[in-house]
Amino acid sequence: MSHPGTAVVVGASLSGLMTALALSRTGVEVRMLERSDDTGRTGAALHAPDGLIERITGFAPSQVPQPLAPGIQTWFAVHAALRAAADASPLITLQQKTTVRRVGQDGDTAWVLASDGTRHVADLVVGADGHRSVVRAHVAPERPNATFAGYTIWIGIADEADISARRWPHDVAFLNSGNSTLLGYPLPGVSGSTAVGERRLGWAWYDASRNHLLRRSGAVRGSVVRHSLMPDSVPVSTYRELAAQARTGFPSPWREAILDSIGRRAVIGTPIAEYVPDRLVRGRVALVGDAAHVPTPMTGNGFSESLHDAEALAEAVAAHSFGAGTAAALLDYEGARLRRARSLVQSGQGFSRSFAREAA
């Protein structure tokens, strides 16, 4: 590389952190801009591959600031491990409470304009800002929005120690009840224990029968998902309806896990969006993760594909010199990832159309 190179990564969720870590491993100086302050984060569970932190950072196991066990983990556990690794890197700077309003570029640099008027300039800009990506509006202005898939996922987590059950699960459960589908998964306990009775039970309830609630609350406007329903914004009547359905529709211990979450008012409703990309880059600006491709969680591959995005982008950047070679590097990245990104989203669209239609 002609010089170390600089990047601005918009978004410090999982895909943003992995991208920043992968780029910094090649010597790129990364500034991350995140609109939140780590409060109000949402996320279900995901499968963490063996040696994730070592893989994305190049650290030896003894150097990992916060180890992460492989297997099904909460979003929060994976985020915390990635964040600890980013905090330990001298090449990564994280700036929170920074909202990006606009993205631009010329022949020599790319930049983002924050809401406070600050202009952050770098060799390249990476949009890792989720399904409502501001950066996507620059890369694909002709089609900037992901589309509502027609259903919601209600998400909760319960401690096994707080509920009673005759049998505890040993694997992921996939259950159907009427027009609802439930995915249940045992998770390590708060202490990291995987012993039966000391774990947590995560659940994700796919529901297409309450789209009127999403529209009435403003969570969905037209065909665009605007936000999730946080626990305190879920109506009491909806909690009661969900509890009644859980009692008759799902077996133990998932029934008890759902009722425990409802009793604590610890349920999040996430309207599902989908986006099949036609492009991943424009000049010096690239997209990764949900900013690039938004599949239904039913595919189970959103996180792993975000990891592949981060690695492919870093590999492409490392193969070119910064400056005139930056745009060529991003085109190589797009060539490596676009077909797979489109296939990922399309693989889940059949389920989405069928599920939303059957529940209508």
Side-chain angles (χ1 to χ4, degrees), residues 1-41 56-57 79 82-83 85-141 144 279-292 306 309-310 313-314 316-318 320-331 333-334:
M1 291 185 289
S2 58
H3 63 91
T6 57
V8 170
V9 175
V10 181
S13 188
L14 304 186
S15 61
L17 287 167
M18 290 190 294
T19 299
L21 288 165
L23 287 173
S24 68
R25 187 177 179 181
T26 71
V28 176
E29 296 179 8
V30 181
R31 176 173 292 275
M32 304 190 73
L33 304 178
E34 169 57 44
R35 65 183 178 182
S36 79
D37 59 359
D38 286 341
T39 62
R41 290 283 198 169
I56 202 71
T57 62
H79 182 268
L82 290 169
R83 173 68 181 273
D87 288 344
S89 172
L91 293 177
I92 298 176
T93 301
L94 172 60
Q95 183 173 320
Q96 294 181 296
K97 298 184 179 180
T98 301
T99 300
V100 170
R101 296 300 187 196
R102 191 158 51 87
V103 180
Q105 61 179 304
D106 56 28
D108 300 316
T109 60
W111 61 85
V112 300
L113 183 66
S115 57
D116 64 0
T118 304
R119 196 166 180 254
H120 300 272
V121 182
D123 292 299
L124 71 149
V125 168
V126 182
D129 48 341
H131 79 271
R132 291 189 61 203
S133 173
V134 173
V135 183
R136 189 196 298 135
H138 177 81
V139 173
R279 62 180 74 177
L280 301 179
V281 306
R282 179 182 176 188
R284 292 174 173 268
V285 182
L287 302 173
V288 297
D290 281 354
S306 294
D309 288 346
L313 179 60
V317 166
H320 291 262
S321 62
F322 270 98
T326 301
L330 297 192
L331 285 175
Y333 160 68
E334 182 178 72

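None of the values given here were measured: they were computed from a predicted structure.
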>> To the closest 0.5 Å, what do you measure between CG (L113) and OG1 (T99)?
In response: 11.5 Å

>> Measuring only between side-chain heavy atoms, which start at C-beta, is R31 closer than 4.5 Å to T6?
In response: no

> Taking E334 as the fixed residue, which of V139, L313, L280 is the one that meets the side chain to side chain contact (heavy atoms under 4.5 Å, CB included) rule?
Replying inline: L280

> Going by heavy atoms in the side chains, are D106 and W111 under 4.5 Å from each other?
Replying inline: yes

>> Main chain of L17, side chain of T19: is a donor-acceptor contact present, judged purely on distance under 3.5 Å?
In response: no

> Would you call V288 and M18 a side-chain contact if the rule is heavy atoms closer than 4.5 Å?
Replying inline: no

> In Å, rounded to the nearest 0.5 Å, how long is the span from CD of E29 to CG of D123?
Replying inline: 9.5 Å

>> I need the R119 CZ to T109 OG1 distance, nearest 0.5 Å.
In response: 6.5 Å

> Looking only at heavy atoms, what is the nearest atom pair of A316 and Y333, with distance?
Replying inline: CB-N, 3.9 Å

> Going by heavy atoms in the side chains, are V125 and Q105 under 4.5 Å from each other?
Replying inline: no

> Are any of the side-chain heavy atoms of V281 and L331 separated by less than 4.5 Å?
Replying inline: yes

> Hey, which of V285, V9, V8, V126 is the one that makes side chain to side chain contact (heavy atoms under 4.5 Å, CB included) with V135?
Replying inline: V285

> Do R101 side-chain atoms and S115 backbone N/O form a donor-acceptor pair below 3.5 Å?
Replying inline: no

>> As an exercise, state the distance from CG of L287 to CG of D129, rounded to the nearest 0.5 Å.
In response: 8.0 Å

> Just how far is it from atom CG of L23 to atom CD1 of I56, taken to the nearest 0.5 Å?
Replying inline: 9.0 Å

>> Are V134 and V10 packed together at the side-chain level, in the sense that at least one heavy-atom pair is separated by less than 4.5 angstrom?
In response: no

>> Is it the case that the side chain of H79 and the backbone of A12 share a donor-acceptor pair, with hydrogens and angles ignored and the cut-off at 3.5 Å?
In response: yes

>> Taking CZ in R35 as the centre, count heavy atoms belonging to other residues, nucleotides or ligands within less than 6.0 Å. Is the count above 12?
In response: no

>> Quick check against the 3.5 Å criterion: does R136 have a side-chain atom that pairs as donor or acceptor with the backbone of H131?
In response: yes

